[in-house]
Amino acid sequence: MKEPMRCREPAVAVPQIDDDKVRVIRWDFGPGAETGWHRHGWLYVVVPMMDGELLVEYPDGTTSTSILKKGEAYHRVAGVEHNVINNGPGPLSFVETEVKAFPG
């Protein structure tokens, strides 16, 4: 089945660090903005910069909602595939750190 066209505003990825150990990106979302479909190649940690709500779409057609609290980090394993949407009425930002290497 072909995916329908989407008309959501894209979230803005602002690179902070990208070296051989980590990739750090600040994501800025307007209301209703989305990351677009992507798959994480590494374990990653997200730190919300403000309170908000995300709608997360998965390839099998299911969705979930995540309530974000400013400064309360969470992590996910490598291989996660999804589209992330700001489901709140205002702007939303978080910092995402993907761990590329485990030293020691």
Side-chain angles (χ1 to χ4, degrees):
M1 179 177 185
K2 188 174 180 179
E3 185 176 343
M5 265 181 72
R6 296 180 185 257
C7 297
R8 293 185 186 121
E9 168 189 354
V12 176
V14 182
Q16 307 286 302
I17 301 169
D18 193 355
D19 61 24
D20 61 335
K21 294 181 179 48
V22 297
R23 176 183 297 148
V24 180
I25 298 172
R26 187 184 77 230
W27 284 95
D28 297 324
F29 296 75
E34 68 180 351
T35 58
W37 285 96
H38 60 283
R39 180 185 305 251
H40 290 269
W42 303 287
L43 173 143
Y44 66 100
V45 177
V46 172
V47 181
M49 298 176 68
M50 58 191 63
D51 294 349
E53 181 177 305
L54 296 176
L55 174 65
V56 184
E57 299 176 326
Y58 301 99
D60 66 2
T62 61
T63 63
S64 67
T65 301
S66 296
I67 304 301
L68 303 183
K69 297 291 181 190
K70 180 180 178 179
E72 292 185 15
Y74 64 90
H75 78 282
R76 300 285 183 262
V77 297
V80 171
E81 184 176 0
H82 56 204
N83 181 32
V84 178
I85 303 146
N86 177 3
N87 205 35
L92 177 64
S93 293
F94 58 75
V95 174
E96 177 181 271
T97 301
E98 294 180 296
V99 181
K100 297 179 182 181
F102 292 93

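Here the structure is a predicted model, which means the values were calculated and not measured.
No chain of hydrophobic side-chain contacts below 4.5 Å, direct or via other Ile, Leu, Val, Met, Phe, Trp or Tyr residues, connects V46 to L43. M50 and I25 fall within a single hydrophobic cluster, where Ile, Leu, Val, Met, Phe, Trp and Tyr are joined by side-chain heavy atoms under 4.5 Å apart, directly or via other members. By the criterion of side-chain heavy atoms lying less than 4.5 angstrom apart, applied directly or through intervening Ile, Leu, Val, Met, Phe, Trp or Tyr residues, V95 is grouped together with I17 in one hydrophobic cluster. Using a 4.5 Å cut-off between side-chain heavy atoms of Ile, Leu, Val, Met, Phe, Trp and Tyr, with links allowed through other members, V24 and M49 fall into the same hydrophobic cluster.
Scanning for side chain to side chain donor-acceptor pair (under 3.5 Å) contacts around K100 gives D18, with sequence neighbours left out. Taking the side chain to side chain donor-acceptor pair (under 3.5 Å) definition, one finds that T65 meets it with nothing, sequence neighbours left out. For T97, there are no side chain to side chain donor-acceptor pair (under 3.5 Å) partners, not counting sequence neighbours. Checked against side chain to side chain donor-acceptor pair (under 3.5 Å), E9 has no partners two or more places apart in sequence or in another chain.
Residues G41 and A78 approach most closely at O-CB, 3.7 Å, considering heavy atoms. When all heavy atoms of V77 and V80 are compared, the pair lying nearest together is O-CG2, 3.2 Å. Contact between G71 and V47 at its shortest, heavy atoms only, is CA-CG1, 4.2 Å. Nearest heavy-atom pair, P31 versus P89, reported as atom, atom and distance to 0.1 Å: CG-O, 3.3 Å. Annotation for Y74 and L68: closest pair CE2-CD2, 3.6 Å, computed over non-hydrogen atoms. Scanning all heavy atoms of the two residues, the minimum distance from G30 to N86 falls at O-ND2, 3.1 Å.
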Full working for side chain to side chain contact (heavy atoms under 4.5 Å, CB included) between N83 and T35
CA-CA 6 Å; N83 181 32; T35 58; 3.5 Å; yes

W37 and E57: CA distance, side-chain angles, deciding distance, side chain to side chain contact (heavy atoms under 4.5 Å, CB included) verdict
CA-CA 9 Å; W37 285 96; E57 299 176 326; 3.9 Å; yes

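For residues 73-97, the pairs satisfying salt bridge (charged side-chain N to carboxylate O under 4.0 Å, His left out) are R39-E81, with sequence neighbours left out. For residues 66-75, the set of pairs meeting the salt bridge (charged side-chain N to carboxylate O under 4.0 Å, His left out) definition, not counting sequence neighbours, is empty.
When atom types are taken as modelled, the side chain of H40 and the backbone of H38 share no donor-acceptor pair closer than 3.5 angstrom.
Put simply, CD1 on I85 and CG on L92 are 12.0 Å apart, with the number rounded to the nearest 0.5 Å. Here the CG atom belonging to L55 is positioned 9.0 Å from the OG atom belonging to S66, to the nearest 0.5 angstrom.
The aromatic rings of W27 and F29 sit tilted, their planes meeting at an angle between 30° and 60°.
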